[in-house]
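Structure first, commentary second.
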Amino acid sequence: METHPKGTSARILLSSVFGPYAQDDEFGSRSINPMELYYNQVTRMQGAFSPRLFHRSWGIMMIQENISAPCTVLDFPTREAFAREITEQQYDVVGISSIIVNVGKVREMCRIVRKLSPHSKIVIGGHVAAIPGIDHMIDADHIVKGEGIAWMRAYLGEDPSAPIRHPRITSGFDFRVMGRKLHEKPEDIAVTIIPSVGCPMGCNFCTTSAFFGGKGKSVNFFETGQELFQIMCEMEAKTNTRFFFIMDENFLLQRPRAMELLALMKAHNKSWGFYVFASANAIRKYTVEELVELGVAWIWMGLESRKSHYDKLNGTDTVQLVRELREHGIKALGSTIIGLEHHTPDNIREEVEQAIAHDTEFHQFMLYTPVPGTPLYKEMSEQGRLLSGDLADIHGQFKFNFRHAAIGRDDSKRFLDWAFVRDFELNGPSIYRICRTTLQGWRKYRNHPDARIRERYEREAEELRKSYGPALWAMERQLRKTNTEVSHRVRDLRRELETEFGSFTRWITRIGGPIMLWSTRREERRLAQGKVYEPPTFIERHNWAASS
């Protein structure tokens, strides 16, 4: 492949697309599609009860950590900040990472680079690179589909296969709930670990699987439990964290690696907690005791449909599986697709009710969506079923972008919104569900003979003791007029906490509850006015002194 003439002395800028992100504009931003994972596609009908937080652009952070050239990461810039950065610093390479919906912003950023820094080479990566014909939509020198670390190393004349160095990545930031910003202790903030990219399950709609090679393929950065253990020890030493968000599409699928990690945790007395992605068939490779020993505290799992053909469900009784996890204090985020090929107006409500019956702590609903680059997109294109429209609206939270056999485009949005509302109506706010399951886990394991396990559940119980009472008190009162049944369940749980943890919890609840109720109502007014949150801009420079 072509290499840059300056090699590792080239000055590199890696940028995410410019904001704002949750406002309708000419470049493809949509108010319906904010730069927030949970509020966007998991808890967006829960109003002020929805957790609000942002996540950094992890891909460009990984690339920056793994090249020796002077490199700046510019994350969540304004258009003005991006223009100022490329004007003042004179970069040899400008890399822009984006998802498909932001292709309009990528086009504009390329235009700005050509105008203000015409000598710079423009490299485009991220899922936007999977759009068929993308090279004719934007003015770039290189378009990189797939894993970017190896590509950038090769482009700069470095060894693409050199060991991966993992940056320190805070999983989320600016965490808010019920109108209040939470200030967590460093040891309670999860650090993101990225063992691999891609997913070997290869579901036809999955952009991640398709982008990194398709069914049966993934790119492993860290093959062994020993490697992961070493990285986690380093991050623990740097941040004092004991929680890790494992950004691997199906972490539990590689059982030997997970069990090697567990053996090392036991040997070194590590009481860590893990948030993971895993399919139902992968979870069933473990006993629940092994999951608890490993520190699995939260699992994101697909719950598409009992009638779907996806291998990851593999005949598993997912309702029973989630119930068993909950009994052991393991929280779940279920993911359900609306508008699969067999869905009709007559059966879709029943299928949604079946999904909601899992009573997971969180539930994501997404439209069945042929996204450019996926096998499903290719299939729909060949069948002539794709609908014309703006790429900015292909994100699974708006309307179908294809002709469904039984469900109209407008109806798809109505069914999607109803699924979110119904889940909230029956199961209550996710914050309440988290509290319920955490209490179950603590009661089961507070006297466990293994101190390593006992310590983790005690840490989680500390949050129950100090933080959840006021939230439940406010939630109970806020829901009295709109959902009496859930309000009563919240009240009962609050009383259980007060009985379990005693006078301090009762005191903090009585003091903090009215404050939380006031902030919740203020947040509801704020949402009704259409006000949004936007992430701040980050500028981080590596190896910069040598280039100055």
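Along the sequence shown, the residues carry numbers beginning at 1. Only a predicted model underlies this, so the values are computations on that prediction, with no experimental measurement involved. Heavy-atom basis, side chains included; hydrogens, waters and symmetry copies ignored.
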Can you tell me how the ring of [X] sits relative to the ring of [Y], calling it parallel under 30°, perpendicular over 60° and tilted otherwise?
| X | Y | value |
| --- | --- | --- |
| Trp298 | Phe277 | perpendicular |
| Phe76 | Phe173 | tilted |
| His363 | His358 | perpendicular |

If I take atom [atom1] from residue [X] and atom [atom2] from residue [Y], how far apart are they, to the nearest 0.5 angstrom?
| X | Y | atom1 | atom2 | result |
| --- | --- | --- | --- | --- |
| Ile356 | Phe420 | CD1 | CZ | 10.5 Å |
| Thr239 | Phe244 | OG1 | CZ | 6.5 Å |
| Thr224 | Gln254 | OG1 | CD | 10.5 Å |
| Leu472 | Arg489 | CG | CZ | 12.5 Å |
| Cys435 | Gln440 | SG | CD | 10.5 Å |
| Ser412 | Leu367 | OG | CG | 5.0 Å |

State whether [X] and [Y] are salt-bridged, where the test is any N-O pair (Lys NZ or Arg NE/NH1/NH2 against Asp/Glu carboxylate O) under 4.0 Å.
| X | Y | value |
| --- | --- | --- |
| Asp174 | Lys181 | yes |
| Arg284 | Glu324 | yes |
| Arg480 | Glu476 | yes |
| Arg465 | Glu462 | yes |
| Glu498 | Arg495 | no |

Give a yes or no on whether the backbone of [Y] and the side-chain of [X] come within a donor-acceptor separation of less than 3.5 Å.
| X | Y | value |
| --- | --- | --- |
| Arg452 | Lys270 | yes |
| Asn427 | Arg433 | no |
| His328 | Ile330 | no |
| Ser209 | Cys199 | yes |
| Glu379 | Asn204 | no |
| Thr374 | Pro370 | no |
| Glu523 | Gly179 | no |
| Ser50 | Arg44 | no |
| Glu227 | Glu223 | yes |
| Asn66 | Met62 | yes |

Contact between [X] and [Y] at the side-chain level, heavy atoms closer than 4.5 Å - yes or no?
| X | Y | result |
| --- | --- | --- |
| Gln478 | Met178 | no |
| Arg446 | Glu458 | no |
| Ile246 | Met232 | yes |
| Pro163 | Arg165 | no |
| Tyr39 | Tyr533 | no |
| Ile63 | Ile149 | yes |
| Asn33 | Asn40 | yes |
| Val219 | Ser196 | no |

Nearest heavy atoms of [X] and [Y], plus distance in Å:
| X | Y | answer |
| --- | --- | --- |
| Pro195 | Asp248 | CB-OD2, 3.7 Å |
| Val371 | Tyr377 | O-CB, 3.1 Å |
| Asn250 | Ser279 | ND2-OG, 2.9 Å |
| Met475 | Pro429 | SD-CG, 3.5 Å |
| Ala130 | Lys145 | CB-CE, 4.4 Å |
| Thr520 | Ala48 | O-CB, 3.7 Å |

[X] and [Y]: side-chain donor and acceptor closer than 3.5 Å?
| X | Y | answer |
| --- | --- | --- |
| Asp346 | Thr344 | no |
| Glu463 | Thr438 | no |
| His342 | Glu351 | yes |

task: Step by step, work out the side chain to side chain contact (heavy atoms under 4.5 Å, CB included) result for Phe504 and Lys466.
output: CA-CA 8 Å; Phe504 176 79; Lys466 293 181 178 179; 3.9 Å; yes
message: Would Glu290 and Leu294 count as a side chain to side chain contact (heavy atoms under 4.5 Å, CB included) here? Give the steps.
response: CA-CA 6 Å; Glu290 288 173 331; Leu294 185 58; over 6 Å; no
- request: Check side chain to side chain contact (heavy atoms under 4.5 Å, CB included) between Ala357 and all other residues, then give those that pass, not counting sequence neighbours.
  value: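 Expected list: none.
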Both conditions, 6.0 Å and 45 degrees, for the charged tip of [X] above the ring of [Y]: are they met here?
| X | Y | answer |
| --- | --- | --- |
| Arg255 | Tyr286 | yes |
| Arg459 | Phe243 | yes |
| Arg56 | Phe538 | yes |

message: Which residue in the set Ile337, Asp423, Leu333 passes side-chain contact (heavy atoms from CB on, under 4.5 Å) when paired with Gln364?
response: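 Of the listed residues Ile337, Asp423, Leu333, the side-chain contact (heavy atoms from CB on, under 4.5 Å) partner of Gln364 is Leu333.
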query: Does the side chain to side chain contact (heavy atoms under 4.5 Å, CB included) test come out yes or no for Leu291 and Ile283, once each step is laid out?
result: CA-CA 9 Å; Leu291 295 175; Ile283 297 169; 4.0 Å; yes
query: Is the distance between the ring centroids of Trp272 and Phe229 under 6.0 Å?
result: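 Yes.
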statement: Test side chain to side chain donor-acceptor pair (under 3.5 Å), reference Glu496, set Arg443, Arg491, Arg436, output is Arg443
query: Checking side chain to side chain donor-acceptor pair (under 3.5 Å) against Thr437, which of Glu361, Glu460, Glu327, Arg326 comes through?
result: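 Exactly one pass, corresponding to Glu361.
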message: Tell me which pairs pass ring pair (Phe, Tyr, Trp, His ring centres under 6.0 Å) where either residue lies in residues 455-474, with sequence neighbours left out.
response: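 For residues 455-474, and leaving out neighbouring residues, the ring pair (Phe, Tyr, Trp, His ring centres under 6.0 Å) pairs sorted by first residue read Tyr445-Tyr457.
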- request: Just do the side chain to side chain contact (heavy atoms under 4.5 Å, CB included) check on Arg52 and Phe175 with the steps written out, would you?
  value: CA-CA 6 Å; Arg52 309 294 298 268; Phe175 187 85; over 6 Å; no
